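No hydrogens, no waters, no symmetry mates; every other heavy atom, side chains included, goes into these values. The sequence lines fix the lettering, A, B, ..., with proteins before strands; numbering per chain opens at 1. These numbers were taken from a predicted model, which means no experiment stands behind them.
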Protein chains: 2
Amino acid sequence: MKKKAEERREQILRAAFQAVSDKGYETVTLQDIADYAGVSKGVTNYYFKNKEDVFLSLLEWVTDRIYQHEHQAVSQKTTAIEKLEAYIHSVFIDPEKNKKFYKVYLDFMAQASRNPHYRKINLKFYENCWKIGRDIVALGQKEGTFSSDIQADTASKMIRSIIDGCLIQWLMRDEDHLHEFYKKTCYEVILKYLK
Amino acid sequence: MKKKAEERREQILRAAFQAVSDKGYETVTLQDIADYAGVSKGVTNYYFKNKEDVFLSLLEWVTDRIYQHEHQAVSQKTTAIEKLEAYIHSVFIDPEKNKKFYKVYLDFMAQASRNPHYRKINLKFYENCWKIGRDIVALGQKEGTFSSDIQADTASKMIRSIIDGCLIQWLMRDEDHLHEFYKKTCYEVILKYLK
DNA sequence: AAAATTATTCTGACCGGTCAAAATATTTTT
DNA sequence: AAAAATATTTTGACCGGTCAGAATAATTTT
């Protein structure tokens, strides 16, 4: 019962994710989402309060999945360098997935710049990401791999800034083959900063 | 004759800039723009082909102004370090102006991720910014201030990634007082990377 | 059959683009 | 220089189309 409802919600969120990625936040209609999910329009209205509720849930769902993925990748490694590598590797998954996510993510950030509800969800995502970065830096400092001059909290903010900055610039340039370049250079910049 | 028409266009673009900053790209109607400009609805259609034409012109106009401002600031300094400082200083003008621009810019990037017309204009902006960065790095290397290990072209991409990454993260956090933090740390990261 | 779920239809609001007419500015004629 | 003619600019009403949300109907589950 509860299970089914949860599945339906996720089915709709997946559809919304694809629809927004294809068409853009504002262009997507509830009808689009229903079509992508292969259900009728009423279903969406049944499981979500309204359109904004779908989108807020979508942002929460998608950022949480990203975070889980990153966290999982990092937690499997032991040294700071390995963890940093794993982090960057998990972030720069592949052109296809990065494109899909950052298209949607840019839409949401544009919304978030004016709507506190979106900002709040994004902040939660940031905090999760910062935590990953902070732990890596702190470990590296304990190991002696990273400089003790920098502050782990500050560094964690920068790490995410560099990552997002690189992937956004990559997306805007619209050349898949540059994915590797940004991944590599992003890693190098962060490493040089931490050492 | 020609002068008046150009003034009108700019008047409308200024109005559109403010309107988009306040309400967001997709929410803004031609009526809004007319209202902000203090003219009637028909005027906008008289000076621009259609809504998209207004927005494409706006992106071009606003990014060009930003670039001119950055370029002017950097060109007044002589050493690489001074130029870099001036660059960062001109980018991180003040919370008010940064907020206004990045709100609009995020909207346009969201559009650009799906619409090649916007991407093309943004690429022009990128190339201008990269040129500023590249020249600073090259100068620094000639001076011996910056490491010769890095590639000026690569570094210029990273400089802009870090700047945009920082300002976007700052905007999302919605705390004006952090502006100084991101400005300072952004500069430090870039400097450490270049040395 | 009652309740829960899904599908369809309706409605009111809104938007972009058009257009004809009015207002204003410019040029030509007297 | 005044008047007439012409060109340019501005206005706001209008239309076709779309969408979110509500209401309603149909179907499935319990």
Side-chain angles (χ1 to χ4, degrees), chain A residues 1-60 104 107-108 110-111 114-115 117-118, chain B residues 1-61 104 107-108 110-112 114-115 117-118:
Chain A
M1 233 98 316
K2 212 51 167 292
K3 194 82 138 289
K4 180 123 172 279
E6 209 42 56
E7 272 173 32
R8 259 283 195 257
R9 276 181 64 98
E10 185 167 327
Q11 177 191 9
I12 292 167
L13 290 180
R14 274 185 200 284
F17 185 35
Q18 188 63 53
V20 173
S21 181
D22 288 349
K23 306 190 163 199
Y25 178 88
E26 296 275 6
T27 310
V28 164
T29 68
L30 290 175
Q31 187 65 62
D32 286 331
I33 296 173
D35 291 348
Y36 270 75
V39 299
S40 83
K41 204 183 157 202
V43 177
T44 310
N45 263 333
Y46 182 77
Y47 285 102
F48 296 91
K49 223 171 51 237
N50 51 32
K51 200 185 182 185
E52 193 183 36
D53 188 32
V54 179
F55 285 138
L56 285 169
S57 304
L58 172 57
L59 177 59
E60 201 161 17
V104 175
D107 271 324
F108 277 118
Q111 295 302 315
R114 293 177 198 88
N115 183 329
H117 297 125
Y118 291 100
Chain B
M1 226 104 320
K2 214 54 169 286
K3 193 85 139 288
K4 179 125 175 276
E6 209 41 59
E7 271 173 34
R8 259 283 192 262
R9 275 180 66 97
E10 185 167 325
Q11 177 191 7
I12 292 166
L13 291 180
R14 274 185 201 283
F17 186 34
Q18 188 63 54
V20 173
S21 181
D22 288 348
K23 306 189 163 203
Y25 178 88
E26 296 276 7
T27 309
V28 164
T29 67
L30 290 175
Q31 186 64 62
D32 287 330
I33 295 172
D35 291 347
Y36 270 75
V39 298
S40 82
K41 201 183 161 208
V43 176
T44 310
N45 267 3
Y46 183 75
Y47 287 100
F48 295 91
K49 224 173 49 237
N50 52 31
K51 198 184 183 187
E52 194 184 34
D53 188 32
V54 178
F55 285 139
L56 286 169
S57 304
L58 173 57
L59 178 59
E60 202 160 15
W61 178 74
V104 175
D107 269 322
F108 277 118
Q111 295 302 317
R114 293 177 198 88
N115 183 329
H117 297 125
Y118 291 100

Quick one: A/Asn45 CG to C/dA4 P, roughly how many Å, whole number?
-> 19 Å
So, with a heavy-atom separation below 4.0 Å from DNA chain D, the residues of residues 11-27 of chain A are none
Determine yes or no for a side-chain-to-main-chain donor-acceptor pair under 3.5 angstrom, with B/Asp35 supplying the side chain and B/Asp32 the backbone.
-> no
Does any N or O in the side chain of A/Arg14 come within less than 3.5 Å of the main-chain N or O of A/Ala37, such that one atom is a donor and the other an acceptor?
-> no
Hey, is the side chain of B/Tyr47 poking within less than 4.0 Å of OP1 or OP2 on D/dT10, counting only N and O atoms?
-> yes
Report the distance from atom CD of B/Glu10 to atom CD of B/Glu7, rounding to the nearest 0.5 Å.
-> 8.0 Å
How far apart are the C-alpha atoms of B/Leu59 and B/Gln111, what are their side-chain angles, what is the distance that settles it, and do they pass the side-chain contact (heavy atoms from CB on, under 4.5 Å) test?
-> CA-CA 11 Å; B/Leu59 178 59; B/Gln111 295 302 317; over 6 Å; no
Reckon B/Tyr46 has a side-chain N or O less than 4.0 Å from the OP1 or OP2 of D/dT9?
-> yes
Could you pull out the closest heavy-atom pair between A/Phe48 and A/Asp53, with the gap in Å?
-> CA-OD2, 3.5 Å
Smallest heavy-atom separation, A/Ile12 atom then A/Tyr47 atom, equals CD1-CD1, 4.1 Å
Closest non-hydrogen atoms of B/Arg114 and A/Asp22, given as atom of the first, atom of the second and distance, are CD-O, 3.6 Å
Distance in Å, B/Thr27 OG1 paired with B/Asp107 CG, rounded so as to fall on 0.5 Å steps | 8.0 Å
Using a heavy-atom distance cut-off of less than 4.0 Å, which residues of residues 48-58 of chain B contact DNA chain C?
-> B/Asn50, B/Lys51
dist B/Asn50:CG -> B/Thr44:OG1 (nearest 0.5 Å) comes out at 11.5 Å
Should the pair B/Tyr118 and B/Phe108 be assigned to parallel (<30°), tilted (30 to 60°) or perpendicular (>60°) ring geometry?
-> tilted
If the sugar-phosphate is the primed atoms plus P, OP1 and OP2 and the base is the rest, what is the B/S/- string for nucleotides 7-12 of chain C, using protein heavy atoms under 4.0 Å?
-> BB----
Whole-Å distance separating the CG atom of B/Asp35 from the P atom of C/dC14 | 14 Å
